[in-house]
Amino acid sequence: MLNVDNLEVRIGGRVLKDSVSFHLKEGEAIRVAGANGAGKSTLLKTLLAGSVKPVKGVSFNIHATLGKTIAYFPQAWGDTIFPWLNTWDNILIGTLKSDNHYELYAKEKLGNLAFQFFPGDLAIESDTKCDPIWDLIIEKFKKHDITKLSGGQQQKIVLLRTLACNPKLMILDEPYRDLDYQSTNALNDYLQDMLDDGCSLLYVSHQDIGITPSEIVNMD
Amino acid sequence: MKSRNHTTMFKVIISVLCWVLIWALFSHSTIVSQSLLPPPEKVLLRMVEIGFIHSHIVTGMFETFSWVVFSWIIGLLVSLFIGALSIKCRWVNYFLSILFIGGRALPSVIAVPLFAAIMGIERASAAACSIFLVMCYSESSFRESLNAISKSRKAIKSALALSLKHEFIFIVLPGAARTWRAIAVQSFGIALVVMVAGEMILSFSNSVGDDVAQMMWLLKMVDLYAIVGWLVIWAIVINCITSALPSVMEWPGQRILAQLGKNKHSTMEANVHVK
């Protein structure tokens with residue numbers, strides 16, 4: 001899936017880590033660990049920047065190979081919100097890069113994740129038979145102004161949007177940071193399901209979560 | 001969104017009515033002389049008099065507003081260009097910032113004669129002054145806004161990998177709409193105030209500024225208020241048109257997403273068949 005050999009991670013002219021190597025296979029997870037400022041997020045950005053210019057140390061250009069099927073959740077996710085769109089459109093825009101925009105509606109797992117992320121908003125109506133699951137989500141979120149949601153709720157919307165593109169590789173930068181306990185568990189279960197389906201995961205996290213990584217890349 | 005617009009409109013109408021009521025109370029009481037503050041009904045009647053409209057509004061107002069809109073648009077375009085240039089070349093920003101700070105500190109009663117002294121007592125002098133002051137107030141907003149668009153473009157590009165067309169529709173156009181919301185009303189106000197002040201100071205015939213100056217000296221307060229009333233009405237009309245522009249800029253993005261939503265049910269059926 002992704003082979004990285006002796007990748008140099010630098011920001012501006014400063015080298016943060018002169019040699020990073022890891023091999024991410026299908027259905028596996030790799031955790032990037034390290035202190036604040038060690039270059040964890042920069043490592044992910046360096047990999048993604050491969051779409052612009054080839055990066056020394058990466059065996060192939062990941063964007064050229066997996067461009068449409070990479071789900072990237074940035075650390076500064078707040079910059080990627082569209083305040084002029086309603087909450088539902090903020091999720092739907094994540095499907096623009098997929099070849100089939102409508103695959104989203106077939107993903108029951110993602111719909112379930114949305115239900116678990118927003119139990120107060122969606123769970124009561126979920127008792128009433130609602131088929132398909134997305135009808136209820138659309139109906140609710142179309143009325144929501146995303147700027148009126150709390151920081152944690154906005155993060156969940158950005159996570160749903162990130163995962164809406166039918167990814168083969170998920171690159172998530174601190175996805176658990178502002179999530180409550182229940183949402184953390186729900187995201188864990190979802191990611192584990194995706195790994196079982198053959199999707200790969202490269203993530204930055206300061207704490208151990210439910211997922212067992214095959215390798216930990218230490219940036220210290 | 002529509003109900004919010006209606007609420008805002010309702011609040012504006014209520015506050016205007018309150019002001020008119022206070023005005024009528026003051027005017028009809030003995031607190032202020034009617035020669036200084038004529039009653040609102042008298043002013044409203046004068047505003048719609050055919051003779052008054054013909055002599056003051058049709059020619060003077062049209063000419064003044066044409067120049068205001070011209071200076072406003074040119075001022076904004078030049079500001080946008082300089083704002084973009086300042087991001088690329090920092091020294092342009094350092095060099096011009098002193099000039100713009102000076103311009104912002106300069107009252108129009110001083111700025112207009114300065115421009116007239118250099119360019120002559122022409123309408124072009126008042127227009128040039130108006131363009132300059134619009135630039136002084138808008139350039140920094142344009143620069144900040146272009147920086148913000150560039151920052152969010154970078155963040156969204158890596159997160160969503162949008163095509164160039166979608167980047168333009170979902171990032172650049174809405175960013176421009178946000179900028180427009182922030183600066184349109186203020187910059188138009190500056191262009192209008194400077195142009196009318198220029199007309200008053202330089203006494204151009206067939207102009208709102210000159211009419212206002214004459215009515216003021218002759219203490220023809222009903223006529224003065226009637227002209228100001230028309231001025232306010234035209235300014236509101238132009239502001240309404242400009243406030244609709246951001247929605248137009250956001251429309252293509254909303255249309256694309258609405259189209260995606262519309263096709264949902266047919267896709268659901270297709271998925272069922274596949275199963």
**Message:** Please evaluate residues A:T80 and B:L160 with respect to the criterion side-chain contact (heavy atoms from CB on, under 4.5 Å), reporting the C-alpha separation (whole Å), side-chain torsions for both, the decisive distance (0.1 Å), and the verdict.
**Reply:** CA-CA 9 Å; A:T80 68; B:L160 289 173; 5.9 Å; no

**Greater than 12 external heavy atoms within 6.0 Å of B:W234's CH2** = no

**Prompt:** Do you know which of B:P174, B:A148, B:S152 has the most heavy-atom pairs with chain A at a distance under 4.5 angstrom?
**Reply:** B:P174

**Fill in**
Nearest heavy-atom approach of A:W84 to B:F170 is CZ2-O, 3.5 Å

If you round to the nearest 0.5 Å, how far is [atom2] of [Y] from [atom1] of [X]?
| X | Y | atom1 | atom2 | answer |
| --- | --- | --- | --- | --- |
| B:K151 | A:D79 | NZ | CG | 4.5 Å |
| A:L96 | B:K165 | CG | NZ | 9.5 Å |
| A:D89 | B:L257 | CG | CG | 4.5 Å |

**Item:** Side chain, backbone, both or neither of A:I93 within contact of chain B (heavy atoms, under 4.5 Å)
**Value:** both

